[in-house]
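Let me begin by presenting the structure, written as structure tokens, before commenting on it.
Predicted, not measured: the structure shown is a model, and the values here were computed from it.
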Amino acid sequence: MEEQIKQIGERLRGLRDVLDITTDEMAAICGISVAHYEQMESGESELSVANLQKIAKHYGVSLDVLMFGEEPKMSSYFLTRKGHGMSVERRSAYNYESLASGFRGRKADPFIVTVEPKPADTPKEMNSHSGQEFNMVLEGTMELTIGSKVLTLNEGDSIYFDATQPHGMRTLNDHPVRFLAIIF
């Protein structure tokens, strides 16, 4: 996992170098401090898919290039077999499996997200990004906070929401959660 995060950081640094972008500019796009951005780029901080998506959209690069180092090639369809999507653990408790990493020009980013339980007193990391998001719980139970609203989603439940609203989740019942997340 640490190696994957460091590779993503290297790709961010490479993008900055090629486009002659300062760390101040990148941090501003993400809405984070320069120090936090520099920690992301050096692989010392957990990465947010929302921040990677903000950078990708702003500079017109594929999210796949930042996350996996590969440019999508397919344009008519892209098949992902069960358990074989491109995967990245952006932090110790989160694993993102991309379901459309090889399809270029896509309008949405679908992932299977697996979240491991954390101690109940661990604060929820809230983030926001442009667009909308759809989540459907496949296994387990999660608590999802959107703005000030706290919702419990069980297996089979789904939600569609404005992703510009601060949102964050955590597992419940001390069991991992798997859910389908589609970011539009």
### Query
So, the side chain of His129 versus the backbone of Thr164: is there a donor-acceptor pair under 3.5 Å, distance only?
no
### Task
Give a yes or no answer on whether the side chain of Ser42 reaches the backbone of Glu38 with a donor-acceptor pair at less than 3.5 Å.
yes
### Message
Please say yes or no: joined through hydrophobic side-chain contacts below 4.5 Å, possibly via intermediate residues, are Leu153 and Met126 part of one cluster?
### Response
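No, separate clusters.
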Student check: side-chain heavy atoms of [X] and [Y] closer than 4.5 Å:
X	Y	result
His36	Glu41	no
Leu99	Phe111	no
Phe179	Thr114	no
Ile183	Gln53	yes
Ile182	Leu180	yes
Ile32	Met40	yes

### Query
With distance as the sole criterion, is a donor-acceptor pair present between the side chains of Asn154 and Thr141 under 3.5 Å?
yes
### Query
For Asn135 and Glu133, does a side-chain donor sit closer than 3.5 Å to a side-chain acceptor?
yes
### Query
Can you tell me if CG on Asp17 sees more than 12 non-hydrogen neighbours from other groups inside 6.0 Å?
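Count over threshold, so yes.
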### SB check Asp109 Lys57 (cutoff 4.0 Å)
no
#### Entry: Side-chain ion pair, Glu25 and Arg16, N-O less than 4.0 Å
no
### Query
Should the pair Tyr160 and Phe134 be assigned to parallel (<30°), tilted (30 to 60°) or perpendicular (>60°) ring geometry?
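Tilted: the ring planes of Tyr160 and Phe134 meet at 30° to 60°.
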